[in-house]
Asker: 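Please see the structure below; I have some questions.
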Amino acid sequence: MKLINLKQFRKERGLTQKQFGASMQLSQSTVSCLENGLQEATSHLLERVAKVFMVDNIDDYVYERRTFLDPESILMTREEKMACVFVGDWNEMSPIDIIEGFSIICRVGTISIGTDGTLLIDRNNGIGYKLSHYIICPDKFEEPNLLLTLTSKQWFDDEMYEDFKRAYFIGCKIAGIYPMKQLKRAEPT
């Protein structure tokens, strides 16, 4: 989304928010929202600003961001923001464990999820010796046969299947990957 550095634009012209708003026929609250990155600068608005203030290149004041700023965070001091962070806060992704070099942020049954979305499946189901974790990195999430590959493993049981489904969607969300529809081959009856 496009936003405008309205504060710099105003200051260069010696205008207050109220004066800018009057020139553009906008309320001061709208000007404040635009200035604080809480409202998108539409192309119509940018054209009007360029026309009213006779600016050749309004793009010098335009920048892009994926999301709006949180209005509450604008009013908070740094100390207040830091007080909001607590152990286990997903904004900070504090690891709860380290497994095979991966920082783990949560577990779904027998599957641990890393800070980058990597899934580590514990394949030890009471057997006498210790097996390493089965690791699925996010670059494998988009393979349509991922689930089919897992269900062919002897250690992958129905309980692990349910854990995998939940962990897979969490891993995709963390990695920023759109989940693939995973199909399980029908067992012959």
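Counting from 1, the numbers follow the sequence of the chain as shown.
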Asker: Could you check whether any side-chain heavy atom of I113 comes within less than 4.5 Å of a side-chain heavy atom of L119, counting everything from C-beta outward?
Answerer: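 SC-SC contact between I113 and L119 confirmed.
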Asker: Show the nearest heavy-atom pair for residues I177 and P138, with the distance to one decimal.
Answerer: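 Heavy-atom minimum between the residues: CD1-O, 3.3 Å.
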Asker: Kindly say whether Q28 contributes a backbone atom to a donor-acceptor pair with the side chain of S32 at under 3.5 angstrom?
Answerer: no
Asker: Under the side chain to side chain contact (heavy atoms under 4.5 Å, CB included) criterion, do I136 and F164 qualify, and how do the steps go?
Answerer: CA-CA 11 Å; I136 305 171; F164 171 77; 4.1 Å; yes
Asker: In terms of hydrophobic clustering (I, L, V, M, F, W, Y; side-chain heavy atoms under 4.5 Å; direct or indirect links), are V62 and F20 co-clustered?
Answerer: yes
Asker: Step through the shown structure and confirm whether more than 12 heavy atoms of other residues, nucleotides or ligands are within 6.0 Å of CD on Q25.
Answerer: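 Counting other residues, nucleotides and ligands, CD of Q25 stays at 12 neighbours or fewer.
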Asker: Identify the two heavy atoms, one from I98 and one from S103, that lie closest to each other, and give their separation to 0.1 Å.
Answerer: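 Closest heavy-atom pair between I98 and S103: CD1-OG, 3.5 Å.
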Asker: To the nearest 0.5 Å, how far apart are CD1 in I135 and CD1 in I99?
Answerer: 9.5 Å
Asker: Looking at CD1 of I96 and CD1 of I104, how far apart are the two atoms once the value is rounded to the nearest 0.5 Å?
Answerer: 7.5 Å
Asker: With side chain to side chain contact (heavy atoms under 4.5 Å, CB included) as the test, would you mind laying out the steps for M160 and L150 before giving the verdict?
Answerer: CA-CA 10 Å; M160 205 172 285; L150 287 172; over 6 Å; no
Asker: Do any pairs count as a ring pair (Phe, Tyr, Trp, His ring centres under 6.0 Å) and have a residue in residues 30-51, sequence neighbours left out, and if so which ones?
Answerer: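 Sorted pair list comes back empty.
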Asker: When rounded to the nearest 0.5 angstrom, what distance separates OG in S152 from CG in N145?
Answerer: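 The distance works out to 10.0 Å.
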Asker: Are any of the side-chain heavy atoms of R107 and D122 separated by less than 4.5 Å?
Answerer: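 No; the side chains remain at least 4.5 Å from each other.
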Asker: Is it the case that atom CD in E159 sees more than 12 heavy atoms from other parts of the structure closer than 6.0 Å?
Answerer: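 Counting other residues, nucleotides and ligands, CD of E159 stays at 12 neighbours or fewer.
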Asker: Taking all heavy atoms of F141 and all of L146, pick out the closest pair and write down the distance.
Answerer: CA-CD2, 4.4 Å
Asker: Let me confirm one number: the CZ-NE2 distance from F102 to H133, rounded to the nearest 0.5 Å.
Answerer: 11.0 Å
Asker: N5 side chain to Y61 main-chain N or O, any donor-acceptor pair under 3.5 Å?
Answerer: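 The answer is no, because no donor-acceptor pair under 3.5 Å joins these two groups.
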Asker: Any link between I174 and I111 through a network of hydrophobic side chains (Ile, Leu, Val, Met, Phe, Trp, Tyr) touching at under 4.5 Å?
Answerer: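 Both belong to a single hydrophobic cluster.
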Asker: How long is the span from the OG1 atom in T110 to the OH atom in Y134, to the nearest 0.5 Å?
Answerer: 14.0 Å
Asker: Do other residues, nucleotides or ligands put more than 12 heavy atoms under 6.0 Å from K165 NZ?
Answerer: yes
Asker: Once rounded to the nearest 0.5 Å, what's the spacing between atom OG1 of T151 and atom CZ of F156?
Answerer: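 Here the rounded value is 7.0 Å.
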Asker: State, to 0.1 Å, how close Q17 and R10 come at their nearest heavy-atom pair, and which atoms those are.
Answerer: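 It is N-NH1, 3.3 Å.
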Asker: Indicate the atoms forming the closest heavy-atom contact of Q39 with L34, along with that distance.
Answerer: O-CD2, 3.7 Å
Asker: How close do S132 and R123 get, heavy atom to heavy atom, and via which atoms?
Answerer: O-NE, 2.8 Å
Asker: A side-chain contact here means heavy atoms from C-beta on lying under 4.5 Å apart; do L15 and F9 qualify?
Answerer: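 No, their side chains stay 4.5 Å or more apart.
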Asker: Distance-only criterion, 3.5 Å: show the donor-acceptor pairs between side-chain atoms of residues 45-58 and protein atoms not counting sequence neighbours.
Answerer:
| unit_1 | atom_1 | unit_2 | atom_2 | d |
| --- | --- | --- | --- | --- |
| R48 | NH2 | M24 | O | 2.0 |
| N57 | OD1 | D59 | N | 3.2 |
| N57 | ND2 | D60 | OD1 | 3.3 |

